[in-house]
Amino acid sequence: MKIVCCNDYKEMSRVGAGMVAEIVKSKPACVLGLATGSTPEGLYAELIDMYKKGELDFSEVTTVNLDEYYPISPENEQSYRYFMNTKLFDHVNVDKANTHVPSGSAEDAAAEAARYESFVRSLGGADIQILGIGRNGHIAFNEPAEALYPATHVTGLTEDTIDANARFFASADEVPTKALTMGMGTILSAKKIIILANGKGKHEAVSAMLSGMVTTSCPASFLNLHADVTLICDREAYEG
Ligand code: F6R
């Protein structure tokens, strides 16, 4: 795993956006694998900036997101679809029809997971996958467990995650109890992966990932099996 240790969040976001921009410029019809969460917001802002300066063209780009709550409507402000529209898609010239997030409103969650998996596979995987990392080492909604799923699947949210998210929803019963998420194999099918981490809170997870061992107790450690992964982090995440 390559490591780029940056001074701060801004630099981390710039380096990450630079790597994404390189792909978009060299392959205009590329597939971008995207993540939600607070970590990549700065990277998306940098991409929007480059687009506004005329440096980037997203007209031929296809995007695939890692995950989505289930059940949730795309109009719900807490949905990952809403997040992507407002943080990136609405501000660049990507064709919305070419942006893909697992559907939180599909009738049959398992069928949607299977459909999404074959769709991502039919694209040949992402040309570059952007990842964040959870404090416990999760990537997408692949939480530490005795065994991990290779393909896109339906997963229950931990009590912790439900509690943490409750404040964002109008009422407790609006909090989705499940999610649709790419599995470890779907993520590893990307040709290139960048994983972003900032702040002391991520240090433990980053250290576990960098220990070199592969263990289901730190799903991010599976990235050690991939030939082209770059960790882009700030000093706090790297040094603690
Ligand atoms: C987001 C995702 C999550 C986040 C992770 C870190 O699509 O799949 O795994 O990357 O929870 O979240 P933040 O960036 O908010 O610290």
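Atoms within a ligand are numbered from 1 in the order they appear, just like the ligands themselves.
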Would you say that more than 12 heavy atoms from the other residues, nucleotides or ligands in this model lie under 6.0 Å from the CZ of Phe222, or not? yes
Under 6.0 Å from the CD atom of Glu41, do we count more than 12 heavy atoms belonging to anything else shown? yes
Within a 6.0 Å radius of atom CZ on Arg121, are there more than 12 heavy atoms belonging to other residues, nucleotides or ligands? yes
Students should be able to answer this: which protein heavy-atom is nearest to atom 16 (O) of ligand 1, and at what distance? Lys202 NZ, 2.7 Å
Salt bridge between Glu11 and Arg14, side-chain N to carboxylate O under 4.0 Å? no
For Leu66, which part has a heavy atom under 4.0 Å from ligand 1: side chain, backbone, both, or neither? side chain
Is it the case that over 12 heavy atoms from other parts of the model lie below 6.0 angstrom from the NZ atom of Lys191? yes
Just jot down the ligand 1 atoms closer than 4.0 angstrom to any heavy atom of Gly37, in number order. 14 (O), 15 (O)
With no hydrogens and no angle check, just 3.5 Å: does a side-chain donor-acceptor pair link Thr99 and Arg81? yes
Among non-hydrogen protein atoms, atom 5 (C) of ligand 1 lies closest to His138 NE2, 3.4 Å
Salt bridge Lys25-Glu55, side-chain N to carboxylate O under 4.0 Å: no
Determine whether any heavy atom of Arg135 lies closer than 4.0 Å to an atom of ligand 1. no
Residue, atom and distance of the protein heavy atom nearest atom 15 (O) of ligand 1 read Ser38 N, 2.9 Å
the protein heavy atom lying closest to atom 14 (O) of ligand 1 turns out to be Thr39 OG1, 2.4 Å
Checking contacts here: is it the side chain or the backbone of Asp67 that comes within 4.0 Å of ligand 1, counting heavy atoms only? Could be both or neither. side chain
I need the nearest protein heavy-atom contact for atom 1 (C) of ligand 1: residue, atom name and distance, please. Thr36 OG1, 3.2 Å
Region of Ile133 engaging ligand 1 - heavy atom pairs below 4.0 Å: backbone
Under the ring-ring contact (aromatic ring centres under 6.0 Å, His included) test, which residues partner His153, sequence neighbours left out? Tyr149
Is there at least one pair of N or O atoms, one from Ala140 and one from ligand 1, spaced under 3.5 Å apart? yes
Atoms of ligand 1 under 4.0 Å from any heavy atom of Gly132, numbered from 1 in the order shown, are 10 (O)
